[in-house]
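A quick write-up on the structure given underneath.
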Protein chains: 2
Amino acid sequence: METETATRWLTDAEQCAWRTHLDVNRLLTHQLERDLQPFGLTMNDYEILVNLSESEGLRMRMSDLASATLQSKSRLSHQITRMENADLVRRENCESDRRGLFAVLTEHGLETMQRVAPHHVASVRRHFIDLLPEDALQELHKALTPVAEHLRSHRGKP
Amino acid sequence: METETATRWLTDAEQCAWRTHLDVNRLLTHQLERDLQPFGLTMNDYEILVNLSESEGLRMRMSDLASATLQSKSRLSHQITRMENADLVRRENCESDRRGLFAVLTEHGLETMQRVAPHHVASVRRHFIDLLPEDALQELHKALTPVAEHLRSHRGKP
DNA sequence: CCTAAAAGGTTGAAAGATGAACTAGCGAGG
DNA sequence: CCTCGCTAGTTCATCTTTCAACCTTTTAGG
């Protein structure tokens, strides 16, 4: 009688795939960050701008924004404070729930977003999308969707 | 005559694939980090242990380790200092080049590595590998390899 | 109603990451 | 055999992330 089950190590193929996946992520993140730097934005900033710009009234509740961007409330709070200092965003009270706050895109935030977006998209294409054959992207998406769901359902707090 | 080329925005399909990819990465990283936490290790720690344990003499030059793990020299230096305090690793001088240092796996580092590895592998399987159909993983790998190469060649310092 | 628990956010301190400036050793050209 | 530039690594200051403690408002129960 065994007290522990034998470990199912990764096969060579699995190992390669896994490491490549990890590497692509790190490298890609770095690269996108670099490409955004001349505009004085980080990926975090950008992602928040995108989320707000796609929302009605260019505003979102802090909590919703936190879970949309998969960050902790604390982290988001600091993040928004920084962006507030950069005049990209402003906080506004919520009438219907006096605990709540909205993060609202400022004029300058919107302009920044619109100015930067084309460059960022180009960057995403250059370093990722356009490097994949049309169908590979579809496959990727199909394969990754269940993983995302699994992880989403499975997670405690970010 | 146009002064700027029209932006090639992402199609819906591209957008979905891209966002899923981003999400999987973030969620997956979080999850793996969480699963490693009970053992007092971070993914960074773990990755370094792996690299060292696979090297001859259980040692690597700082620079090589830095580029193997895609970190800056500065970051690695701090990282190794922390791991040194945790007695996972020790620094050792290089005879042939007196500027150089080796990071060397300690006894305790090796034990830790061996004890934790099965759990980490299980975690990677549970949250990623085993969620993908056999061939999807191959596809993923084939698709991502050129991306990794592109990014590697393309990059300045981490 | 009144109270207790939960939800929405913020804050502060400690840990980690980043980038530039710095030290020391190597090595190639004059 | 100098010296000037390069490589290896560390350090310091600054910014970001994390975690736990903390308010305040809302909601649910009795």
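Below, chains carry the letters A, B, ... as their sequence lines are ordered, and counting in each starts from 1. Only this structure's heavy atoms are used, side chains among them; waters, hydrogens and symmetry mates stay out.
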Mark up nucleotides 8-15 of chain D, 5' to 3', with B wherever a protein heavy atom is under 4.0 angstrom from a base atom, S wherever such an atom reaches only the sugar-phosphate, and - elsewhere.
BBBBB---
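- Against DNA chain C, the stretch residues 42-60 of chain A makes no heavy-atom approach under 4.0 Å.
- Proximity of Q79(A) to the phosphate of dT16(D): no side-chain N or O atom is located under 4.0 Å from OP1 or OP2.
- Counting to the nearest Å, the P atom of dT18(C) and the CG atom of L36(A) are 15 Å from each other.
- If you measure from atom CD of E95(B) to atom C1' of dG25(C), you get 14 Å, rounded to the nearest angstrom.
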Show the numbers, then the answer: is there a side chain to side chain donor-acceptor pair (under 3.5 Å) between Q37(B) and R34(B)?
CA-CA 5 Å; Q37(B) 208 154 324; R34(B) 281 163 66 81; over 6 Å; no
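- Distance R26(B) CZ to dT17(D) P: 11 Å, rounded to the nearest Å.
- Here the straight-line distance linking atom CH2 of W18(B) with atom CG of L10(B) works out to 9.0 Å at 0.5 Å rounding.
- Within 6.0 Å of CD on E95(B) lie no more than 12 heavy atoms contributed by other residues, nucleotides or ligands.
- Shown here is D12(A), whose CG atom has no more than 12 heavy atoms of other residues, nucleotides or ligands within 6.0 Å.
- For the pair E92(A) CD and dG8(C) C1', the interatomic distance rounds to 17 Å; values are reported in whole Å.
- Distance N93(A) CG to dG8(C) P: 16 Å, rounded to the nearest Å.
- Scanning both residues, A103(A) and V89(A), for their nearest heavy atoms gives CB-CG1, 4.4 Å.
- Applying the side chain to side chain donor-acceptor pair (under 3.5 Å) rule to N44(B) yields no partners; only residues at least two apart in sequence or on another chain are considered.
- Overall bending of the helix from dC1(C)-dG30(D) to dG30(C)-dC1(D), expressed as the angle between end axes built from five pairs apiece, is 20° (10° steps).
- Between L70(A) atom CG and dT17(D) atom C1' there is a gap of 15 Å when expressed in whole angstrom units.
- The number of heavy atoms from other shown groups lying within 6.0 Å of CZ (R126(A)) is above 12.
- Counting to the nearest Å, the C1' atom of dT7(D) and the CZ atom of R98(B) are 16 Å from each other.
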With a 3.5 Å cut-off and sequence neighbours excluded, list the donor-acceptor pairs that the side chains of residues 117-125 of chain B form with protein atoms.
unit_1  : atom_1 : unit_2  : atom_2 : d
S123(B) : OG     : D35(B)  : OD2    : 2.6
R125(B) : NE     : R8(A)   : O      : 3.0
R125(B) : NH1    : E14(A)  : OE2    : 3.4
R125(B) : NH1    : D130(B) : OD1    : 3.0
R125(B) : NH2    : W9(A)   : O      : 2.9
R125(B) : NH2    : E14(A)  : OE1    : 2.9

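- Between E139(A) and K142(A) there is a salt bridge, with a side-chain nitrogen of the basic residue lying less than 4.0 Å from a carboxylate oxygen of the acidic one.
- Classification of the H154(B)-H127(A) ring pair by plane angle, with boundaries at 30° and 60°, yields perpendicular.
- Rounded to an integer number of Å, the gap from I80(A) CD1 to dT16(D) C1' is 15 Å.
- Listed by chain and number, the residues in a side chain to side chain donor-acceptor pair (under 3.5 Å) with E107(B) amount to none (sequence neighbours excluded).
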